[in-house]
Structures are given as structure tokens and as C-alpha cells.
Asker: 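One structure, pasted below without further comment.
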Amino acid sequence: MERIKERHLQALKIVSVAFILAVVCTCSAVSAANLNVDPEAEGGYTTIQAAVDAANDGDTIFVSQGTYNENLKINKQVKIWSDSRNPEDTIVKAADPAESAVEITADRVTFSGFGVEDSNKAGILLTEVNNCYINNNLEKNSEYGILLQNAGTNNINGNTMTLNEVGIRLEGSDSNTIQDNLIAYNYEYGISLKESRKNIIYNNYFKNAENVEENTVNADNNWQSTLSTKSNLIRGPYIGGNFWADLEGTGYSETCVDGNSNGICDASYEVSGGGTDKSPLYPKIQAAVTALENKLDAEAYEQGLADREGAGNETETPLEEVTEEANETAVEGEETPETETEEEKGAPGPGLGLAVLATGVAYILKRKR
């Protein structure tokens with residue numbers, strides 16, 4: 001009898017635990033909702049921000065195709081996905097370019113499948129957050145494609161950062177993972193780190209004016225993962241370090257030696273400022289590099305450079321032109337009767353005044369150079 005009672009008691013305990021777990025799982029399932037953003041659908045949210053404001057922690061927001069002129073403020077633990085998973089057709093464009101297009105201030109946010117563009121600050125800004133997942137986005141035409149400030153243990157995975165001043169920047173941000181990204185055709189740096197350590201940066205495609213901003217903190221970060229047998233982003237047989245290219249086709253990965261034909265350069269790559277990529281990738285399959293380049297827009301980059309050069313020329317008048325115009329005006333001024341009257345009174349005529357002005361302008365321009 002005692003044994004039977006013990007068995008019944010154990011069975012009762014098991015049933016009770018199972019019931020409690022079922023209730024907990026049911027409550028969790030009920031509490032997590034799906035919200036849809038579709039300006040053309042009846043009952044859907046018309047803006048992403050409206051959906052974020054209505055969401056609770058744990059909810060998932062699905063966004064239909066279109067361009068959303070917004071500055072998103074994501075302050076809840078939500079997942080935000082584009083319906084198409086295609087960043088080319090679901091775009092967040094900064095409504096106020098002075099602000100970041102997307103600002104994340106909550107932990108455990110997922111943001112995936114969007115084009116993010118046109119901010120004078122950051123395309124995506126992560127501030128004091130942890131364990132966020134930023135995946136499969138196209139960040140362009142901003143000061144920073146992605147900016148992390150005092151953010152740790154986040155995963156920046158599978159994004160394309162291009163046509164920004166800086167592809168990605170970390171400020172006071174440690175222990176993040178930056179992998180599988182295309183960081184190419186940015187005008188200043190591909191990646192910039194400031195007071196940021198223990199980040200692991202691997203299996204990325206770098207091709208920029210300067211791939212890495214030179215900084216001694218670079219030595220405190222890992223520029224490769226443990227070498228493992230798995231296809232990398234240029235379809236080589238191993239996951240290891242990064243692919244290092246440059247705009248002239250003479251980058252380290254483009255010119256290194258792979259004597260044993262394993263898709264890894266035989267020698268390490270010294271990163272600017274002190275870091276070392278011990279397993280830089282070699283283009284074993286050149287078609288894979290071509291495929292990545294086809295996802296980028298080198299012509300837009302060249303046009304951006306030309307636009308910058310043109311803007312610089314418009315704001316700076318050549319010294320010779322300023323001096324010549326001033327001298328011509330001075331000669332014309334000396335011939336006028338009004339000038340003679342002023343000179344008789346002891347006041348400097350227009351010719352002398354303009355000559356002095358021209359000299360001053362020449363001096364200022366010389367100082368600026």
C-alpha cells in the first residue's frame with residue numbers, strides 16, 4: 001500500500017508540473033502577438049512607428065513592401081521583419097536627416113530585411129543595448145551605416161553597408177559579433193572602433209577608401225574566428241578571417257599567396273593600428289567575388305566622389321581669379337571722376353580699397369590651404 005501511495009503521489013506531482021508548464025506556455029503564446037504594417041490594408045498599421053508604439057515586449061511586427069519616411073524609435077523588445085525579407089523593396093528613409101533613421105534603445109530587438117538610408121547621423125543606431133540582432137539590412141547614404149554606442153553582445157550579421165561616410169562604427173561597445181557583412185564603397189572608413197574591445201569581426205567583405213580607421217584599440221579586438229570547415233562568404237571551404245580588398249584591386253586578399261589552396265592566405269594580415277587577421281580569406285572561387293560585387297554599386301560610389309569634388313570646387317574660388325577680378329575692378333575704378341574726388345579728400349579710392357581687399361582674400365585663401 002505504501003508503495004502504491006508513493007507512486008500515486010509521484011504521478012500527481014508530474015501531472016501538476018506538466019499543468020503548470022502548459023499554463024505558462026499558453027500564457028506566453030497568448031501574450032506574444034503579431035502586428036502588421038500595411039498602409040493599403042484595412043486594419044493594418046500605416047507606419048512602423050505606430051506598430052512599435054502599440055506593441056508589447058515579445059511581439060513581432062511584419063512590414064509590407066514600400067518606402068516609410070520615418071525616424072523609428074524602438075524602445076521595446078520586439079522583432080521587426082520586412083514581409084519580403086528584401087531590403088531593396090522595404091525601405092526606411094529618415095524623415096528628419098538630422099536624426100538617425102532607426103534608433104534602438106531596448107535589449108533583444110531583431111531588425112531584419114530593410115533598406116535604411118538618408119540620415120546625417122546613423123542608418124541604424126544602437127544605444128546602451130545588449131543582445132540585439134541586426135540582420136540582412138542595406139544601410140546607405142548616411143554618416144554611419146550602423147553605429148553602436150555603449151552597446152554589447154549584439155550580432156551584426158549579413159548586412160550591406162555601402163555609400164556611407166563610415167560603414168560601421170563602435171563607440172565604447174564591447175563583445176559584439178560582426179560577421180558575414182558586405183562593408184564596401186564607403187567614402188571614409190569601412191569600420192571604425194573607439195574604446196571598443198573584445199569584438200569579434202570575421203567573414204566580412206571589406207572594400208573601402210580605408211577599410212579600418214587606424215587606432216590602437218584595433219589590437220584589442222579579434223579579426224577572425226576559430227578556423228572551421230564551413231563555406232565562407234566568398235564560397236571558400238573555411239570560416240576564418242575577413243576578405244580585404246581595395247578600390248585599386250591590390251588589397252591584401254587580392255594579392256596574397258595561398259600555397260596550399262585552402263582559401264586562406266598563407267600569411268596573416270596586419271590591421272591598421274595594431275590588430276591582426278590571422279586567417280584572411282583568399283578568393284579561391286573568383287566568381288563568388290564577382291557575385292558580391294554585383295550586389296554593390298561601384299558607379300554610384302564614383303558619382304558620389306565626383307559630387308564631393310564638384311561641391312569642393314564650387315565653395316573655393318581659385319586665388320588667381322580673385323586677384324585678377326580685383327585688379328580689373330581697381331583699374332576701372334581709377335578712371336572714374338568720383339574716385340578722383342574721393343582721393344582729393346584724402347580718402348582711399350575704390351581701386352586701392354579693392355586691392356587691399358584682394359590682398360586680404362588672397363592671404364585668407366592661402367591660410368586655408
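These numbers come from a predicted model, not from an experiment. We use all heavy atoms of the structure for the numbers below, so side chains are in, but hydrogens, waters and symmetry mates are not.
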Asker: For atom CZ of Arg197, is the number of surrounding heavy atoms from other residues, nucleotides or ligands below 6.0 Å larger than 12?
Answerer: yes
Asker: Heavy atoms only: give me the nearest Asn176-Ala151 pair and the separation to one decimal.
Answerer: ND2-O, 3.0 Å
Asker: Establish, from distance only, whether the side-chain atoms of Asp277 and Trp244 form a donor-acceptor pair under 3.5 Å.
Answerer: yes
Asker: Identify the heavy atoms of Thr250 and Glu254 that sit nearest to each other, and give their distance.
Answerer: N-OE1, 3.5 Å
Asker: Sequence neighbours left out, what passes side-chain hydrogen bond (donor to acceptor under 3.5 Å, both in side chains) with Asp118? Give chain and number order.
Answerer: Lys93
Asker: Give, for atom CZ of Phe114 and atom CG of Leu72, the distance between the pair rounded to the nearest 0.5 Å.
Answerer: 8.0 Å
Asker: Mark yes or no for whether Asn164, through its side chain, and Glu139, through its backbone, hold a donor-acceptor pair below 3.5 Å.
Answerer: yes
Asker: Salt-bridge test for Glu143 and Arg169: reply yes if a basic N is under 4.0 Å from a carboxylate O, no otherwise.
Answerer: no
Asker: Give, for atom CD of Gln49 and atom CD1 of Ile61, the distance between the pair rounded to the nearest 0.5 Å.
Answerer: 9.0 Å
Asker: Atom CG of Asn86 and atom CD of Glu88: how far apart are they, to the nearest 0.5 Å?
Answerer: 6.0 Å
Asker: Compute whether any side-chain donor of one residue and acceptor of the other, for Lys295 and Thr160, lie under 3.5 angstrom apart.
Answerer: no
Asker: Are Thr127 and Val129 side-chain neighbours, meaning at least one heavy-atom pair lies under 4.5 Å?
Answerer: no
Asker: Got a sec, which residues hit ring-ring contact (aromatic ring centres under 6.0 Å, His included) with Tyr45, two or more places apart in sequence or on another chain?
Answerer: none
Asker: Do other residues, nucleotides or ligands put more than 12 heavy atoms under 6.0 Å from the NZ atom of Lys79?
Answerer: no
Asker: Kindly check if the number of other-residue, nucleotide or ligand heavy atoms within 6.0 Å of CD (Gln286) is above 12?
Answerer: yes
Asker: To the nearest 0.5 Å, how far apart are CG in Asn221 and CD in Gln224?
Answerer: 11.0 Å
Asker: With sequence neighbours left out, what residues match Tyr205 under side-chain hydrogen bond (donor to acceptor under 3.5 Å, both in side chains)?
Answerer: Glu293
Asker: Could you tell me which residues satisfy side chain to side chain contact (heavy atoms under 4.5 Å, CB included) with Thr177, sequence neighbours excluded, listed by chain and number?
Answerer: Asn155, Gln179, Ile200, Tyr202
Asker: For Lys284, is the NZ atom crowded, meaning more than 12 foreign heavy atoms sit under 6.0 Å from it?
Answerer: yes
Asker: Any side-chain donor paired with an acceptor under 3.5 Å for Lys121 and Tyr144?
Answerer: no
Asker: Is the shortest heavy-atom distance from the side chain of Phe243 to the side chain of Leu292 under 4.5 Å?
Answerer: no
Asker: Checking Lys76 side chain against Ala55 main chain: does a donor-acceptor pair fall under 3.5 Å?
Answerer: yes
Asker: Is Asn242 reaching over with its side chain to a backbone N or O of Leu281, donor-acceptor style, under 3.5 angstrom?
Answerer: no
Asker: Hey, are Asn203 and Asn232 close enough side-chain-wise for a donor-acceptor pair under 3.5 Å?
Answerer: no
Asker: Hey, are the side chains of Ser112 and Tyr133 touching, using non-hydrogen atoms and a 4.5 Å cut-off?
Answerer: no
Asker: Can you check whether Asn218's main-chain N or O pairs, donor with acceptor, with Asn215's side chain at less than 3.5 Å?
Answerer: no
Asker: Would you tell me whether Asp96 and Asn71 have side-chain atoms, one donor and one acceptor, within less than 3.5 Å of each other?
Answerer: no
Asker: Between the side chains of Asn131 and Thr153, does any donor sit under 3.5 Å from an acceptor?
Answerer: yes
Asker: Identify the heavy atoms of Glu70 and Ile48 that sit nearest to each other, and give their distance.
Answerer: OE2-N, 2.9 Å
Asker: If every non-hydrogen atom of Asp107 is compared with every non-hydrogen atom of Gln77, which pair is closest and at what distance?
Answerer: O-CG, 2.9 Å
Asker: Evaluate Tyr187 against Tyr301 for ring pair (Phe, Tyr, Trp, His ring centres under 6.0 Å), listing each step before the verdict.
Answerer: CA-CA 8 Å; Tyr187 296 105; Tyr301 176 79; 4.9 Å; yes
Asker: Ignoring hydrogens and geometry, is there a side-chain-to-backbone donor-acceptor pair from Thr229 to Tyr238 under 3.5 Å?
Answerer: no
Asker: Side chains of Asn75 and Thr105: donor-acceptor distance under 3.5 Å anywhere?
Answerer: no
Asker: Counting C-beta onward and ignoring hydrogens, is there a side-chain heavy-atom pair between Asp266 and Asn260 closer than 4.5 Å?
Answerer: yes
Asker: Determine whether the side chains of Gln149 and Glu171 contain a donor N or O and an acceptor N or O closer than 3.5 Å.
Answerer: yes
Asker: Does any part of the side chain of Asn181, heavy atoms only, come nearer than 4.5 Å to the side chain of Ile156, both counted from C-beta?
Answerer: yes
Asker: Could you report the tightest heavy-atom contact between Cys132 and Ala106, atom names first, then the distance?
Answerer: SG-O, 3.3 Å
Asker: Of all residues at least two apart in sequence or in a different chain, which pass the ring-ring contact (aromatic ring centres under 6.0 Å, His included) check with Tyr282?
Answerer: none
Asker: Short question: side chain of Ser82, backbone of Arg85 - any donor-acceptor pair under 3.5 Å?
Answerer: yes
Asker: Quick one: CG on Asn135 to OG1 on Thr110, what's the gap to the nearest 0.5 Å?
Answerer: 8.5 Å
Asker: May I ask you to decide if Gly145's main-chain N or O and Ser142's side chain share a donor-acceptor pair within less than 3.5 Å?
Answerer: no
Asker: Can you pull out every disulfide (SG to SG under 2.5 Å) where at least one residue sits in residues 180-255? Sequence neighbours excluded, please.
Answerer: none
Asker: For Asn208 and Asn211, what are the C-alpha separation, side-chain angles and deciding distance, and is it a side chain to side chain donor-acceptor pair (under 3.5 Å)?
Answerer: CA-CA 5 Å; Asn208 305 275; Asn211 284 325; 3.0 Å; yes
Asker: Under 3.5 Å, is there a donor-acceptor pair linking the side chains of Glu270 and Thr276?
Answerer: yes
Asker: Give me the one residue out of Val109, Leu126, Asn154, Asn157 that meets side chain to side chain contact (heavy atoms under 4.5 Å, CB included) with Ile134.
Answerer: Leu126
Asker: State which residue, out of Leu138, Asn141, Leu182, Ile183, fulfils the side chain to side chain contact (heavy atoms under 4.5 Å, CB included) condition with Thr162.
Answerer: Leu138
Asker: Kindly give the heavy-atom pair with the smallest separation between Asn186 and Leu163, and that separation in Å.
Answerer: OD1-N, 3.4 Å
Asker: Would you call Ser196 and Ser173 a side-chain contact if the rule is heavy atoms closer than 4.5 Å?
Answerer: yes
Asker: Is there a donor-acceptor contact under 3.5 Å linking the side chains of Ser192 and Glu213?
Answerer: yes
